[in-house]
Number of protein chains: 2
Amino acid sequence: MNSPVLSGGDPALLRRLNTEAVLGVLRNAEPMTLTRIGQAASLSRQTVDAVIAELTEGGWIEEVAPERSIGRPARRYRFRAEAGHVLGLDIGVTGVRLVLADLDGSVIASDRTRIPEGLGGGARLEAVRSGAEGFLARHPGIRPRSLCLGIPGIIDSGGTVRLSTPLPEWNGLDLVGAASTWFDCPAHAENDANLAALAEHWRGAARHADDFIHVIAGHRTGVGMMLGGRLHRGRGGAAGEIGALALLGWEGPSMNDIREAEDSARLFSDAQAGDSDAAGKVDRFARTVAQGVAAMVLTVNPDLVVIGGGLSRAGEAVVGPIRSHLEQLCLDPPQVDASALGVEAVALGAARMALDHLNDALFGAHVGAAAPSAGPQSRRGVTA
Amino acid sequence: MNSPVLSGGDPALLRRLNTEAVLGVLRNAEPMTLTRIGQAASLSRQTVDAVIAELTEGGWIEEVAPERSIGRPARRYRFRAEAGHVLGLDIGVTGVRLVLADLDGSVIASDRTRIPEGLGGGARLEAVRSGAEGFLARHPGIRPRSLCLGIPGIIDSGGTVRLSTPLPEWNGLDLVGAASTWFDCPAHAENDANLAALAEHWRGAARHADDFIHVIAGHRTGVGMMLGGRLHRGRGGAAGEIGALALLGWEGPSMNDIREAEDSARLFSDAQAGDSDAAGKVDRFARTVAQGVAAMVLTVNPDLVVIGGGLSRAGEAVVGPIRSHLEQLCLDPPQVDASALGVEAVALGAARMALDHLNDALFGAHVGAAAPSAGPQSRRGVTA
DNA sequence: GTCACTTACGTAACGGTATCGCATAACTGT
DNA sequence: ACAGTTATGCGATACCGTTACGTAAGTGAC
């Protein structure tokens, strides 16, 4: 654990590394000429040429029409995002949200299927599978290369559901094992709050933050966390379960006033309009949320707190009061923003995670067999 | 922030990578033969031979007497830990603790120098420098290649002291800039609680934990944290400042009963012996500490909590009550252990950090110019 | 339409790196 | 002294990346 021994590599490693570099330049960018790719990746045009030939052969990139300019027209290549697709699933109690994305992460299609209530574990699993199958059937010719399921609960590193309060019938289920057999592609699974955080980091409110906490405020209260640009789960995936500290009141009446209101949006607008009863409830709610968030903020000192979940639809009406209370509780209060992705966050995050695994499987250079070297613990030095 | 573009490499990168691999095998291990090094690093004997020749040339390794066995005796090489040294300094209010270590991290010498009270910022800095100079003078022929200072306070990423309550005269001081001129070697600086955590992870109570929280309980209460095997500082280095949440009572009377006792060790032994007044104080103290720790534990869900600082000298007498209270407050309580390194933890951690930076400067392979690729966010998948 | 200019392409040569195969060296044990 | 064992050292081969240079394919001016 202290000293990861990295193993050496042969010349082929270099090519893998450089392939990854070229691909990294080309994806999420305009079509480019060999020369410009070489400049961006610090490689000679020759090397880029060789890598490009391999990638074209494999169908990952393709040539596009050259731009007209002075001199001999340079070949241009673009990343073929359509060369592969991934499926992200957000599994809720009453339905499943599906997102089909290409290799760029662009959403090709999304949908929501309902799941009947009262289904047993096996029947529910089958309902999810057949719903996904129907969804995919509407997009002929597209087979996912990787999929990821987001569920409300704790999943262990083997892909088995350890504890899901909303879906107790799945406790102990080998979800990844089951889903791996569905569409002849690798499957992955992750807690939904973590996936929402991943999505917000990818293309949501946390695009510019590498340390942030994502609080889902809704019927359930869930927390996802990215630290150092990576999801932080903790031992057993229980990071962020601050609600367990009774002292902070996350399970008390001030939370339930809001969570159990049949029309919480109304409550927030009433409060803003001057209804003092509503305002009192909102303020107590915001204060309670802020207390729990403050404990987490003081612990990890993040750049940002994102408020998501159903209640975040109220926008500033809910975020504003939480922000005010948080500023009183923290020495160095972070930015507080509402979720930018709304209800699709979890499914998008699932697609992102499927994509990450796919990229790693397809193009991962794997320096040695070990983890990338951690390097020193800081950059706080200056050379004499 | 979302997509680190890594740049390509030439064949020389391969050699750097393999040099690092060979060195990684050789250091902190018995002297080895070329063949065995090759097996350990997944390299051919030929390649190892070439790398070994370079490293011997540079003085980093040397040949030792072969082992006698059947067959032609194989050359054996060992890492020359004595080829470089680092200096770790633990700067306190009343004195400085110094540790001189070699490239293996073995402590060559340690010492403590006193600093007169009431010194101004400049005079205090000069006292630290001259103390270190005197210490080094007793070890002729040894010049540090890197040094690190641990101080009680927040340091920014440029090496300037941002906020130190115990040493207010250093606020705003460019500590790294100043220390870089002392011994013609790069200097680094870090918060002392973080360094203590680093040391416990290296060769202390947290050797087998990659996610842990280190609580320093003493006159001050400080927290250092490692998550994912790396120090976690947070934006502005304020991670772990849970004491700021008044609700948790870290600044209240139950803490001061113990902190301000002239003989706290006595208090713990009295409590264990049955003195009900002492026992009450200890229990209130433990409960208060546990409340703050619980907030952090529920936030990051670590593998381990280490209790260090002056009060941890009481061992189980203080750790036991904290553990009991923590078990009542957390769903999934982590292991709780006393510090294994005691008062030398900070200086040792400083030496470790100096060493990390030195290793990176000397042997860092630096795949491309960019950060190592993060890879997917989990390994929770199974291939279909 | 021709010519100069510009930029990219494609081949060839070169150096660095790693690997495999094989003859040789060096030591142990009988 | 000799067989057995293991490491060493040399040579050949293959892969990769870079530089150099002649050639191709456009644009723009006249």
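Keep in mind that what you see is a predicted model, and the values were worked out from it rather than measured. Chain A is the first sequence line, chain B the second, and so forth, proteins listed ahead of strands; every chain is numbered from 1.
Electrostatic pairing of A:Glu190 and A:Arg233 counts as a salt bridge here, judged by a charged N lying under 4.0 Å from a carboxylate O.
Using a distance-only test at 3.5 Å, with no hydrogens or angles considered, a donor-acceptor pair links the side chain of B:Arg207 to the main chain of B:Gly204. With B:Arg145 contributing its side chain and B:Ala83 its backbone, the two residues share a donor-acceptor pair below 3.5 Å. With hydrogens and angles disregarded, no donor-acceptor distance shorter than 3.5 Å links the side chain of B:Ser146 to the backbone of B:Val86. In this structure, the side chain of B:Arg78 does not engage the main chain of B:Glu62 through any donor-acceptor pair within 3.5 Å. For A:His201 (side chain) and A:Ala209 (main-chain N/O), a donor-acceptor pair under 3.5 Å exists by modelled atom type. Within the 3.5 Å criterion, the main-chain N or O of B:Gly228 finds a donor-acceptor partner in the side chain of B:Asp211. Under a 3.5 Å cut-off, the side chain of A:Asp102 and the backbone N or O of A:Asp104 do form a donor-acceptor pair.
Residue contacts for A:Ser69: at a heavy-atom cut-off of 4.0 Å it reaches the sugar-phosphate backbone alone, with no base atom in range.
Scanning residues 42-53 of chain A for heavy-atom distances under 4.0 Å to DNA chain C yields A:Arg45, A:Gln46.
Boundaries of the chain A contact region on DNA chain C are C:dT6 to C:dA18, first to last in 5' to 3' order (nucleotide atom under 4.0 Å from a heavy atom).
OP1 or OP2 of D:dG17 lies within a sub-4.0 Å distance of a side-chain N or O belonging to A:Asn18. A sub-4.0 Å separation between OP1 or OP2 of D:dC15 and a side-chain N or O of A:Arg15 is absent.
Separating the CD atom of B:Glu67 from the C1' atom of D:dA7 is a distance of 14 Å, rounded to the nearest angstrom. We find that CD of A:Glu54 is positioned 11 Å from C1' of D:dC15, with the value rounded to whole Å. Rounding to whole angstrom units, CZ of residue A:Arg16 and P of D:dC15 are separated by 15 Å. In this structure, the CD1 atom of A:Ile70 is 5 Å from the C1' atom of D:dT27, given to the nearest Å. Atom CG in A:Asp10 sits about 12 Å away from atom P in D:dG17, given to the nearest Å.
Ranked by how close their nearest DNA chain C nucleotide is to the 5' end, B:Arg68 and A:Thr33 are led by A:Thr33. Between A:Gly71 and B:Ala74, the residue anchored nearer the 5' end of DNA chain D, judged by the nucleotide with its closest heavy atom, is B:Ala74. Of the residues near DNA chain C, A:Pro73 and A:Pro11, the one whose nearest nucleotide (by heavy atom distance) lies more toward the 5' end is A:Pro73.
Listed by chain and residue number, B:Asp49, B:Tyr77 satisfy the side chain to side chain donor-acceptor pair (under 3.5 Å) test with B:Arg75 (two or more places apart in sequence, or in another chain).
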